[in-house]
Novice: 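Quick one: this structure, given as structure tokens, is what I'll be asking you about.
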Amino acid sequence: MRYAMAIDTRKCVGCSDCVVACQTENNVPIGYCRDWVTETVDGSYPNVEIELRSERCNHCDNSPCVRCCPTGASHIVEGGVVLVTPHKCIGCGACIESCPYDARYSHPEGYVDKCTFCNHRITKGEKPACVAVCPTKCMYFGDLDDPNSEISNALKNRKHKVLAPEAGTNPHIFYLV
Amino acid sequence: MKEELFISGREIPNIDPYLHIWHWQIPIYLFLGGLAAGILFFAGLYTILGKEKEMQATVKWAPFIVPFALVLGLFMLFLDLKHKLYFWQLYTTIRLESPMGWGAWVLMIITPISLVWCASYIREVFPKWDWKFEFLRKFELWVIDNRKIVAWPMVIYAVILGIYTGILLSAFNARPLWNTAILGPLFLVSGMSTGVATIMWISKSHEERKILGRIDLLLIAIELFFITHMIMGALAGSQVMIQAAQLFLGGEFTVSFWAFVIVLGLIFPAILEILELYGYKIPIAITSFLILLGGLIFRFIMVEAGQLTRYLY
Ligand code: SF4
Ligand code: SF4
């Protein structure tokens, strides 16, 4: 099983509902978040193109954050989900430096926190909070190994990309373009 | 042609201004580690070469700084941690893939070695020293007779420690500036140079200083070569690497890097050392101080600048 997410940049309207849903679902402290929306403007007038992207931890296959963790607090569980165990984390910051996507942050309590793909929900067969709440239904979540899953179909039918592929981390968040 | 006009990066109030997670503690940690590695390397080397008589400061006096430097360094690492109460878990896990992890272990091994080394000289430095326990006394005598046996692991671990101070950064290829294998050797050589500068400062023997001055000149030359290599390498790399090199070539760190690290920290002391070799009297404190300061600033700049270089935003 390999969980992944595909996000349709043509459907996203940048409402940030995913951000708020995550903060509520995961009790993210005020002023922090595990996902965020960026806006890229490409081209020159009059041929401009705007791309909105909801971003978060990519749950990379080849995850430098897990490799560089001195205590094993950062680890990979079933389905390729990358998690942090707070009581094992010493807050050394190595994983924050190692992430090309800046997906991690230092929680005010000292340990490092980031997107969990809502592991507590997906193990029960539910969707991550951000996916469930998106008003334009622009996010697809599922198992890459299952050829009939929502995500496999989305990737089959649409052109897609990943962020910073040159960082070589093999990310699991895909953007449909 | 597609031109990226504008990216609104993230604006997460409590995260983005300082994703910058490493502050002053890490550069000092790296500096002290490099300094300790430099001193121990030459102390061990000259013992193995059987030159204890000529190189008194190198083998006998300077190593007394090392345990303090290492403990202070470890304390700096501790200060850097955000989840301090869980510190001990660094030492209940061995994860060789993690440079943070194996660095902490290398420190754990080399600190006792340096203590044993100092213990074997302590009665020459403090003639009144008394070991209280007979077995310590016996152990001391054994070490005094077998210094070469201690010197070998000391030299080897010193090299590992010196390289480690660079690898701690170069292991993170998410920060393009650090993403080069040259950082390991570069930090090793720079650490050795700061070690030699310290020994020269302590040494009272003219002969010893002369030998060390020559070694230091060589180290500075190698360092300049590695730095050139680092910048040229980045310029030949991908877009993000080029942007990283730009930080030193017109960007934010241009002045501090060239003025303080290259000129004041390397070239100027090298000139002073050359003048010294030609018989001019130069106060050694000036040369040594500049090298040490240059080394410290170099580490601050590398840690700061590296954290500015990213793949996104
Ligand atoms: S996006 Fe960053 S934090 Fe997430 S798995 Fe990849 S490297 Fe680790
Ligand atoms: S900050 Fe925590 S999770 Fe990250 S590398 Fe250090 S110990 Fe591991």
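Within every chain, numbering begins at 1; the chains are lettered A, B, ... in the order of the sequence lines, protein sequences first and strands thereafter.
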Novice: Which region of A/Cys99, side chain (C-beta onward) or backbone (N, CA, C, O), has a non-hydrogen atom less than 4.5 Å from a non-hydrogen atom of chain B, or is it both or neither?
Specialist: backbone

Novice: To check you understand the geometry: which heavy-atom pair defines the closest contact between A/Cys92 and B/Trp22, and what is its length?
Specialist: O-NE1, 2.9 Å

Novice: Nearest 0.5 Å, please: how far is CZ in B/Phe87 from OG1 in A/Thr71?
Specialist: 12.0 Å

Novice: Counting only heavy atoms closer than 4.5 Å, note whether A/His87 contacts chain B via side chain, backbone, both or neither.
Specialist: both

Novice: Show which side-chain atoms of residues 228-236 of chain B pair as donor or acceptor with protein atoms under 3.5 Å away, not counting sequence neighbours.
Specialist:
unit_1	atom_1	unit_2	atom_2	d
B/Thr228	OG1	B/Leu224	O	2.6

Novice: Taking A/Gly72's backbone N and O only, do any of them form a donor-acceptor pair with B/Gln89's side chain (distance below 3.5 Å, no angle check)?
Specialist: no

Novice: Using the ring pair (Phe, Tyr, Trp, His ring centres under 6.0 Å) rule, collect all pairs that involve residues 138-158 of chain A, keeping only residues at least two apart or in two chains.
Specialist: A/Tyr3-A/Phe141, A/Phe117-A/Phe141

Novice: Taking all atoms of both residues into account, what is the closest heavy-atom pair of A/Glu97 and B/Arg175, and its distance?
Specialist: O-NE, 2.8 Å

Novice: Ignoring hydrogens, what is the shortest heavy-atom contact between B/Leu81 and A/Ile90? Give both atom names and the distance.
Specialist: CB-O, 3.3 Å

Novice: Among A/Ala73, A/Cys69, A/Pro64, who wins on heavy-atom pairs under 4.5 Å with chain B?
Specialist: A/Cys69

Novice: A/Glu166 versus chain B, heavy atoms under 4.5 Å apart: side chain, backbone, both or neither?
Specialist: both

Novice: Using a cut-off of 6.0 Å, state whether more than 12 heavy atoms not belonging to B/Phe300 lie near its atom CZ.
Specialist: yes

Novice: Are there residues of residues 94-108 of chain B that reach to under 4.5 Å of chain A by heavy atoms, and which ones?
Specialist: B/Arg95, B/Glu97, B/Ser98, B/Pro99, B/Met100, B/Gly101

Novice: Are there more than 12 heavy atoms of other residues, nucleotides or ligands under 6.0 Å from atom NZ of A/Lys156?
Specialist: yes

Novice: Could you report the tightest heavy-atom contact between B/Lys82 and A/Ser106, atom names first, then the distance?
Specialist: CG-OG, 3.8 Å

Novice: Counting only heavy atoms not in B/Tyr91, do more than 12 fall under 6.0 Å of its OH?
Specialist: yes

Novice: Please round to the nearest 0.5 Å and tell me the distance separating atom CH2 of B/Trp178 and atom OG of A/Ser98.
Specialist: 10.5 Å

Novice: Closest approach of B/Tyr86 and A/Cys89, non-hydrogen atoms and distance?
Specialist: CB-O, 3.7 Å

Novice: Would you give the length of the straight line joining atom NZ of A/Lys88 to atom OG1 of B/Thr93, rounded to the nearest 0.5 angstrom?
Specialist: 7.5 Å

Novice: Taking everything shown except B/Tyr157 itself, do over 12 heavy atoms lie less than 6.0 Å from its OH?
Specialist: no

Novice: Can you see which heavy atom on A/Pro70 is nearest to which on B/Leu90, and at what distance?
Specialist: CB-CD2, 3.6 Å

Novice: Which residue pairs satisfy the side-chain hydrogen bond (donor to acceptor under 3.5 Å, both in side chains) criterion with at least one member in residues 158-173 of chain B, sequence neighbours excluded?
Specialist: B/Tyr29-B/Tyr164

